[in-house]
Amino acid sequence: MADVLATSPRAVAVAAALALALALAACGDDGGAGSDADADAAGDTLAAEDTGAPDAHDTLTPDDAGADGVSDTGGSGDTGPGDTAAPDPVACGEGEACNTELLADGRCPGACFEVELPLTCRGTVALGACHPLGWAPRPAETEVDFGDYTVTATDVPAQMTVGESAPLVVTVHNDTAAALTIPLSVRSPGSWDFADASWEGVDELTIPASGDVTLTATLTARAPTTLFEGIAPIVTFTFVERDVFEPRGVIDFAPGDDTVACGGHTYPTSYCDGDDCYETRAYYAQSRCCGDVFFPGAACCARTDCLDGAACVDGVCVGAVPAFGGAVGPPVGRHRVLLVLIDTHAELTAGGACADHVDDVAEELRLADVEGLYDAWAEARFGGSAMDLRWTVRAGVTAGDFLRGDGPYAWGDVKDAVAAYYDGAGCDGFDAYDEVIVSLPSLDLGQFGGRYFGDGFIGVKSPNNAYLLAHELGHGFGGDDLYLTLGGLFEWHDDLMGNDLAAPPLPGDGVLWGQSGFADVDQDGVIDAARFATAPDALRLVAPTAVVTAKGTLELDFGVAAVEGGVDKAVVLRRVRVRVPAASFDADVVDQRPTKVLVFDGTQLDLDAVRAAGELEVGFEARHRFTGADWERHEVVLDETLTLPVAVEE
């Protein structure tokens with residue numbers, strides 16, 4: 001059966017950036033680069049790739065672990081906003097949203113949280129640009145006293161543009177009453193070209209008593225330094241082996257059609273540092289000047305910069321929640337996670353193939369810290385723990401138990417072989433879990449340490465990095481790889497989805513907070529995550545319509561809601577089966593957005609006959625599996641055939 005990618009308009013959405021500052025308790029390991037693409041036809045695979053095979057067993061300990069603390073590996077079973085008594089209902093202010101459904105009069109019976117902020121730099125503003133947390137520009141060096149002599153930059157251009165020339169004058173003053181001879185070596189870092197350098201061929205200086213020697217050259221700016229180096233050394237003078245003097249300056253990009261002036265400097269609107277920019281992350285595809293600050297990588301400053309009503313969240317236009325194709329839903333409710341360890345932990349064979357070894361490895365693999373990271377963000381954005389994870393760990397097996405050869409092994413082969421092995425052993429199948437992670441050192445992920453394959457399936461080469469596991473789960477909760485969309489070396493460098501998973505500080509949730517549901521993207525006054533069902537009673541078809549358009553097509557629109565406690569709530573359904581007999585159409589529509597649109601033209605459907613009939617038979621089938629409060633898997637099913645009235649556009 002064929003899958004069909006629906007051509008739905010983007011959902012109306014608006015939100016903006018809010019930064020979560022978490023102190024570092026201990027660092028984890030690295031991630032890296034990859035690409036994400038939604039499946040748009042039968043057999044397509046969605047993939048998000050992340051670099052680096054981690055090797056350390058470091059601890060993640062957010063300072064603020066949420067109202068319920070950092071949950072244990074079995075999950076607390078207590079989801080939702082904080083444990084304190086609900087306040088009196090209030091109307092949330094502008095730029096705020098409620099963490100639960102509004103009352104009929106629009107008041108919030110829970111708590112209001114700020115969800116609307118303009119793009120601001122969470123790192124360091126220097127040279128007119130926003131740089132990552134912890135980045136600090138080097139000060140200009142103008143004078144250094146070395147005891148017997150003092151070196152002064154008497155004429156140094158503080159700011160140049162590529163192609164410009166200027167004089168450089170450095171004076172060495174003898175601070176003694178006797179002549180002084182000192183050795184000299186000179187090195188240029190390469191960003192400047194030199195002409196008529198007075199130090200050429202000179203390896204020592206003789207300075208008269210209380211006198212001066214002047215070093216001069218003409219500089220020509222060759223390579224810009226503003227993006228990465230900042231105020232960079234122009235030339236390095238080394239006297240007496242270790243006495244170093246470096247006059248510094250900054251080189252701007254030359255103005256042109258693809259540059260923007262911002263904060264007194266010039267920057268390119270997009271940038272790639274050579275052929276290997278993807279490997280080094282030294283690139284960005286878009287940029288914005290917001291409030292006289294340049295943001296490499298950002299696509300927007302505020303909601304008005306985004307098309308089709310999308311929200312601007314930390315510089316990224318977000319049109320739907322969850323934002324990432326292949327996501328299973330926001331980080332809310334209960335999630336059963338299966339972690340299969342292959343070719344590691346060979347000693348864990350007790351109890352047979354189906355045994356759960358979570359107690360044997362939970363501390364080593366820091367599994368509680370994965371949830372703890374999300375709990376801290378949910379507390380800051382939502383007022384309490386929103387998600388519980390319950391881990392099941394299978395171990396004591398080798399690749400030879402599943403596969404032939406020595407590898408590397410393709411993900412599809414590994415997934416199928418592992419599923420068949422455990423099915424044959426009588427274990428719970430993959431459909432008993434919300435997310436499945438397979439760890440195998442010889443898994444073919446290219447240069448990547450982990451990869452998200454859609455629908456909750458994840459492959460990693462090593463499980464020993466809680467950051468990496470949290471990052472890959474972040475794709476399943478709606479986040480994309482910021483190093484692909486924003487570039488890897490700028491403000492978002494330290495975010496979980498920015499993927500610098502090897503260094504402090506503890507990763508932040510920039511962009512991810514909006515993409516995964518903790519903003520108010522659809523501007524309905526409720527934090528998006530609060531609108532998602534966690535244990536629905538049924539699925540319901542929402543507003544199915546059929547219209548013959550003036551363009552000579554038939555447009556079929558519909559949505560599916562999850563009914564929970566008698567209330568319609570949002571749900572992520574990756575596939576909905578649609579049958580239109582008049583068009584001989586029977587296929588899965590692959591589209592996780594709330595409203596789905598199918599378009600048929602005159603070659604697929606007899607539009608005249610549809611107009612004449614004034615109605616159209618359409619069938620809908622959908623299934624949604626979830627983990628309930630009893631930690632068992634449940635399923636709700638939609639199976640409905642309707643005769644829809646057909647409207648005709650004139």
Which atom pairs, donor and acceptor, lie under 3.5 Å between side-chain atoms of residues 434-441 and protein residues at least two apart or in another chain?
from, atom 1, to, atom 2, distance (Å)
Asp434, OD1, Arg633, NH1, 2.6
Asp434, OD2, Arg336, N, 2.7
Asp434, OD2, Thr627, OG1, 2.6
Asp434, OD2, Arg633, NH1, 3.3
Glu435, OE1, His335, ND1, 3.4
Glu435, OE2, His335, ND1, 2.9

Residue pairs, two or more places apart or on separate chains, that pass salt bridge (Lys or Arg N to Asp or Glu O under 4.0 Å) and touch residues 530-540: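 Pairs touching residues 530-540 that pass the test: Glu101-Arg531, Asp524-Arg531, Arg540-Asp568.
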
Does any N or O in the side chain of [X] come within less than 3.5 Å of the main-chain N or O of [Y], such that one atom is a donor and the other an acceptor?
{"X": "Asp356", "Y": "Val358", "value": "yes"}
{"X": "His475", "Y": "Gly479", "value": "yes"}
{"X": "Gln515", "Y": "Ala323", "value": "no"}
{"X": "Glu491", "Y": "Arg122", "value": "yes"}
{"X": "Asp495", "Y": "Met497", "value": "no"}
{"X": "Glu621", "Y": "Asp639", "value": "no"}
{"X": "Asp314", "Y": "Val511", "value": "yes"}
{"X": "Tyr452", "Y": "Gly326", "value": "yes"}

Please determine whether a side-chain nitrogen of the Lys or Arg among [X] and [Y] lies less than 4.0 Å from a carboxylate oxygen of the Asp or Glu.
{"X": "Lys461", "Y": "Asp343", "value": "no"}
{"X": "Arg451", "Y": "Glu472", "value": "no"}
{"X": "Asp509", "Y": "Arg381", "value": "yes"}

Test item: [X] and [Y] side chains (from C-beta on) under 4.5 Å apart, heavy atoms:
{"X": "Phe295", "Y": "Leu486", "value": "no"}
{"X": "Thr100", "Y": "Val526", "value": "no"}
{"X": "Leu539", "Y": "Val637", "value": "no"}
{"X": "Met387", "Y": "Val332", "value": "no"}
{"X": "Asp416", "Y": "Tyr421", "value": "no"}
{"X": "His345", "Y": "Glu364", "value": "yes"}
{"X": "Pro536", "Y": "Val571", "value": "no"}
{"X": "Val370", "Y": "Tyr467", "value": "no"}

Full working for side-chain contact (heavy atoms from CB on, under 4.5 Å) between Leu598 and Phe585: CA-CA 11 Å; Leu598 284 175; Phe585 181 87; 4.0 Å; yes

Separation between [atom1] of [X] and [atom2] of [Y], rounded to the nearest 0.5 Å:
{"X": "Thr392", "Y": "Tyr433", "atom1": "OG1", "atom2": "OH", "value": "4.0 Å"}
{"X": "Asn99", "Y": "Ile527", "atom1": "CG", "atom2": "CD1", "value": "5.5 Å"}
{"X": "Leu469", "Y": "Leu339", "atom1": "CG", "atom2": "CG", "value": "7.0 Å"}
{"X": "Cys130", "Y": "Trp135", "atom1": "SG", "atom2": "CH2", "value": "10.5 Å"}
{"X": "Leu473", "Y": "Ser516", "atom1": "CG", "atom2": "OG", "value": "12.0 Å"}
{"X": "Leu338", "Y": "Arg390", "atom1": "CG", "atom2": "CZ", "value": "14.0 Å"}

Who passes side-chain contact (heavy atoms from CB on, under 4.5 Å) against Ala425, sequence neighbours left out?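 So Ala425 forms a side-chain contact (heavy atoms from CB on, under 4.5 Å) with Ala353, Cys354, Cys427.
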
Nearest non-hydrogen partners of [X] and [Y], listed with the distance:
{"X": "Asp423", "Y": "Gly429", "result": "OD1-CA, 3.7 Å"}
{"X": "Trp631", "Y": "Leu389", "result": "CH2-C, 4.2 Å"}
{"X": "Gly478", "Y": "Ala327", "result": "N-CB, 3.8 Å"}
{"X": "Leu573", "Y": "Arg623", "result": "CD2-O, 3.7 Å"}
{"X": "Gly329", "Y": "Pro322", "result": "CA-CG, 4.1 Å"}
{"X": "Leu365", "Y": "Ala466", "result": "O-CB, 4.3 Å"}

Return the orientation label for the Tyr374 and Trp377 ring planes: parallel under 30°, perpendicular over 60°, tilted otherwise.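 Tyr374 vs Trp377 ring planes: perpendicular.
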
Return the orientation label for the His624 and Phe626 ring planes: parallel under 30°, perpendicular over 60°, tilted otherwise.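 Because their plane-to-plane angle is under 30°, the rings of His624 and Phe626 count as parallel.
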
For Arg625, does the CZ atom sit with more than 12 other heavy atoms under 6.0 Å from it, leaving out its own atoms?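 Counting other residues, nucleotides and ligands, CZ of Arg625 exceeds 12 neighbours.
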
Report, one line per pair, each donor and acceptor closer than 3.5 Å where one atom sits in a side chain of residues 399-406; sequence neighbours left out.
from, atom 1, to, atom 2, distance (Å)
Asp401, OD2, Thr398, N, 2.8
Asp401, OD2, Thr398, OG1, 3.4

Is the positively charged end of Lys569 above the ring of Phe532, judged by distance under 6.0 angstrom from the centroid and angle within 45° of the axis?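 No - Lys569 does not lie over the ring of Phe532 by the 6.0 Å and 45° rule.
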
side-chain contact (heavy atoms from CB on, under 4.5 Å) between Val393 and Asp359: does it pass, once the steps are laid out? CA-CA 9 Å; Val393 178; Asp359 292 337; over 6 Å; no

Take Leu482 and Asp480, measure what side-chain contact (heavy atoms from CB on, under 4.5 Å) needs, and give me the verdict at the end. CA-CA 6 Å; Leu482 302 187; Asp480 64 6; 3.6 Å; yes

Go through the steps to decide whether Arg577 and Asp588 satisfy the test salt bridge (charged side-chain N to carboxylate O under 4.0 Å, His left out), and finish with yes or no. CA-CA 4 Å; Arg577 194 80 181 171; Asp588 285 333; 3.1 Å; yes

Distance-only polar pair, side chains of Tyr483 and Asp481, donor-acceptor under 3.5 Å: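 Yes.
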
Of all pairs that satisfy disulfide (SG to SG under 2.5 Å), the ones with a partner from residues 454-491, not counting sequence neighbours: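 Sorted pair list comes back empty.
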
Decide ring-ring contact (aromatic ring centres under 6.0 Å, His included) for Phe324 and Phe477; before the verdict, give the C-alpha distance in whole Å, the side-chain angles of both, and the deciding distance to 0.1 Å. CA-CA 8 Å; Phe324 185 71; Phe477 300 143; over 10 Å; no

Can Val340 and Tyr422 be said to form a side-chain contact (heavy atoms from CB on, under 4.5 Å), step by step? CA-CA 10 Å; Val340 181; Tyr422 286 115; 3.9 Å; yes

Counterpart residues, ring-ring contact (aromatic ring centres under 6.0 Å, His included), relative to Phe490 (two or more places apart):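 Checked Phe490 against ring-ring contact (aromatic ring centres under 6.0 Å, His included); matches are Phe228, Tyr284.
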
Pair Phe382 + Phe518: ring centers closer than 6.0 Å: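 Between Phe518 and Phe382, which both carry aromatic rings, the centre distance is below 6.0 Å.
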
